[in-house]
Amino acid sequence: MPQNLERAIPLRSVRTKNSSKDWTSDSDGSDKFEWDSDGEAEASSAPAMRNFDAPGPSTLSSNGWINGEPPPTSLIEGYVAMGFPKEMVVRSSKEIGHGDADALLELLLTYKALGDDDDALGNHSTSGCNLPIVEDDDDLDFENWDGDDDTGGRESSSDDSGYEEFLREMSDKDEKINSLRDMGFSEDEANMAITICGVDADLSVLVDSISASQVTEVCHSRNLSDHQVTARCFDSFGGKKRARLIEESKKKRKRYGGGAQGKRPSSDGSDEESMPLPNPMVGFNLPGYRGPSMTRVLPELATGPPYFYYENVARAPKGVWAKITRFLFDIQPEFVDSLHLCAAARKRGYIHNLPTENRSPLLPLPPKTIFEAFPHDKKWWPSWDQRTHFNCLQTCTASAPVTERIQQKLSSSGNPPPQSVQKYVRHQCSKWNLVWVGKDKAAPLEPHEMEYLLGFPKDHTRGFGKTQRYKSLGNSFQVDTVAYHLSVLRDMFPNGITVLSLFTGIGGGEVALHKLGIHMRAVVSIEICKANRKILRSWWDQTQTGTLIEIDDVKSLKDDEIASYVHRFGGFDLVIGGSPCNNLAGSNRHHRDGLEGEHSSLFYDYFRILNSVKSAMANM
DNA sequence: AAGACTCGGATACTTCTT
DNA sequence: AAGAAGTATCCGAGTCTT
């Protein structure tokens, strides 16, 4: 749900500038909600995540920095704000440079995970250093099995003595890598297996891991969905705590030099980057769209507890969903257009590890067409406006002059109006989701009408400014859609569930659970917008008896605090949330730079926190 | 080839609130 | 008077569908 870009950016330290609102709350001030983002504003502060395009060859200069330049202080601070030790950031930057935010983050996460998992390794352990620097082939981590280019590769030498020591400490890992190479595996494979299984894993376990990865790769290359990969593939993996490592290992590099919009050349062509959207966009199944019954089997490491549910816009820039998928355990997204469930389109992708059988829709069923939703408007609806559904409800609405111009054009033409006028009016109506509320009078939806279409209780957002309400609603879940997916939890948790809700917004997930009759014993909610927090609190106090804890800044939620909540509530049954889409949404003309952009860190927060929860629960 | 669609952002201005 | 909030207008392109 909610969120803004602002939050995306780490820097609390930087907050100063924009004063007014604290970053924790949305950018707009009052309301910003859910995911989206409005956040670009902060960009300036955002340190780090910029990637420069030129992929040129990386070279290690005499000062120990790749490409010869130390990272800007702001960049380091940005990662430190994300929770990484400064020393680790510096070291990582030296290893792979700071130009590629994706690679750098990946390496940091790997280091961190390894360090967390195995103290014996120490921070340095990470041999992550052996991780290949930037490979071109990217995405497919499991891809280049054959090429072991890396080996000799990296002359990482460098003058940095600290770095060398670091390398020395990795001897244990190197030894295993050598053994695996002797067995015919590439260094990449060996590295990945160690990343996944841990440096202390037996050689046989590492071998099994590589074999399992190869199976996965084969499945992917055949375009099989994840559910077709048997869990058996992953049985050999280590403990659950390793779960978070998986992704990191998976995402091995997708970097491309291109700019944000990234069209990456895609060396091999086809494949990963492309993740075609289904048509019709009905997900794995929908009421009334019974396709072939499918049962998916998730990799063991992807299964709960906790269950998790991640959402974002379906039409993100190319490569974004492929990347998100890699982070989230290679689970294939379920793309659904809420158009099939209610009267408004809403094309979204959902990555979750919930069962997909025996779902049930919320009752009563919501109106599925505009006329069912607003029968009163039928009286004024011109026959040449044949819309039956609204387009995606967004955060911005038409200004009054739009209505005025439409009215003026229609009143000055006959009936029916000429084609040119019809075309203009139809375009405006589609663009702004206008409804006919009077003779020749097309007006924007009111906030309460949007609440209705999105499945929220009446007046859910009432009491706040209209602009804020539009913004919050535009960034929200479509409750019926999400509830359909979450409905499987009802029978699984008859005594209620505990929820960690990221980017909560106005509580679309919570409302869905409530409408499903699922008791929430406790909800820990992270939402930057003050107005949204108030909206959730207000609704909670009126409808719930469980515990609600609201946190404003996702960046402040660190591992130890997560662990304390896990301990306090006995773990979380569900981690739910969408991440801001400011830089993903097509409507954004300014900074649609996907996950490569400067404001894309919120997704990584989701990822980070999810893995932190998994890790804490594994240690319970 | 043309059309349709997209959880948006920056800015200037006006209006409301403190 | 100053700040907060609301209003209006500007701003395209990537991707998919027809």
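Here is how names work: the chains are called A, B, and so on, in the same order as the sequence lines, proteins then strands, and each is numbered from 1. Keep in mind it's a predicted model, so treat the numbers as computed, not measured.
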In whole Å, I'd like the distance from the [atom1] atom of [X] to the [atom2] atom of [N].
{"X": "A:Lys471", "N": "B:dG9", "atom1": "NZ", "atom2": "C1'", "value": "8 Å"}
{"X": "A:Tyr470", "N": "C:dA8", "atom1": "OH", "atom2": "P", "value": "11 Å"}
{"X": "A:Phe603", "N": "B:dC7", "atom1": "CZ", "atom2": "P", "value": "17 Å"}
{"X": "A:Leu584", "N": "B:dT6", "atom1": "CG", "atom2": "C1'", "value": "12 Å"}
{"X": "A:Met281", "N": "C:dT17", "atom1": "CE", "atom2": "P", "value": "8 Å"}
{"X": "A:His427", "N": "B:dA2", "atom1": "NE2", "atom2": "C1'", "value": "13 Å"}
{"X": "A:Leu393", "N": "B:dG8", "atom1": "CG", "atom2": "P", "value": "11 Å"}
{"X": "A:Trp432", "N": "B:dT6", "atom1": "CH2", "atom2": "C1'", "value": "12 Å"}

Base of B:dG8, side chain of A:Arg589 - is there a donor-acceptor contact under 3.5 Å?
yes
Grab the two heavy atoms, one from A:Ser501 and one from A:Val523, that are nearest each other, plus how far apart they are.
CB-CG1, 4.2 Å
Checking contacts here: which listed nucleotide ([options]) is nearest the side-chain heavy atoms of [X]?
{"X": "A:Cys396", "options": "B:dG8, C:dG14, C:dA8", "answer": "B:dG8"}
{"X": "A:Pro401", "options": "C:dA8, C:dT18, B:dG9", "answer": "C:dA8"}
{"X": "A:Thr467", "options": "B:dC7, C:dA8, C:dG6", "answer": "C:dG6"}
{"X": "A:Asn312", "options": "B:dC5, C:dA8, B:dC7", "answer": "B:dC7"}
{"X": "A:His591", "options": "C:dT18, B:dC7, B:dG9", "answer": "B:dG9"}
{"X": "A:Lys318", "options": "B:dG8, C:dC16, C:dT9", "answer": "C:dC16"}
{"X": "A:Cys392", "options": "B:dT6, B:dG8, C:dA8", "answer": "B:dT6"}

Using the ring-ring contact (aromatic ring centres under 6.0 Å, His included) rule, pick out the option among A:Phe477, A:Phe329, A:Tyr606 that qualifies with A:Tyr310.
A:Tyr606
Quick one: is A:Thr395 getting a side-chain N or O under 4.0 Å of the B:dG8 phosphate, OP1 or OP2?
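Answer yes for this pair, as a side-chain N or O of A:Thr395 is under 4.0 Å from OP1 or OP2.
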Same-atom distance (P) from C:dT9 to B:dC7, integer angstrom
24 Å
Which comes earlier along DNA chain B counting from the 5' end, the contact point of A:Lys423 or that of A:Ala585, where each point is its nearest nucleotide?
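So the residue in question is A:Lys423.
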Just do the side chain to side chain donor-acceptor pair (under 3.5 Å) check on A:Lys466 and A:Thr397 with the steps written out, would you?
CA-CA 10 Å; A:Lys466 214 173 175 180; A:Thr397 58; over 6 Å; no
Is there a donor-acceptor pair closer than 3.5 Å between any side-chain N or O of A:Gln478 and the backbone N or O of A:Thr481?
yes
Tell me if a side-chain donor or acceptor on A:Trp321 pairs with a main-chain N or O of A:Ala314 at a distance below 3.5 Å.
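Yes: the side chain of A:Trp321 pairs with the backbone of A:Ala314.
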So what does A:Lys431 touch, heavy atoms closer than 4.0 Å: a base, only the sugar-phosphate, or nothing?
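No contact.
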Does a side-chain N-to-carboxylate-O contact under 4.0 Å join A:Asp553 and A:Lys555?
no
Are A:Lys458 and A:Glu451 within salt-bridge range, i.e. N to O under 4.0 Å?
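Looking at A:Glu451 together with A:Lys458, the answer is no, because their closest N to O distance does not fall below 4.0 Å.
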I need the single residue from A:Lys347, A:Arg315, A:Arg348 that forms a side chain to side chain contact (heavy atoms under 4.5 Å, CB included) with A:Cys392. Which is it?
A:Arg348
If pairs are Watson-Crick or G-U with both distances under 3.5 Å, what is the dot-bracket string of DNA chain B, marking crossing pairs with [ ] and pairs to another strand with |?
||||||.|||||||||||
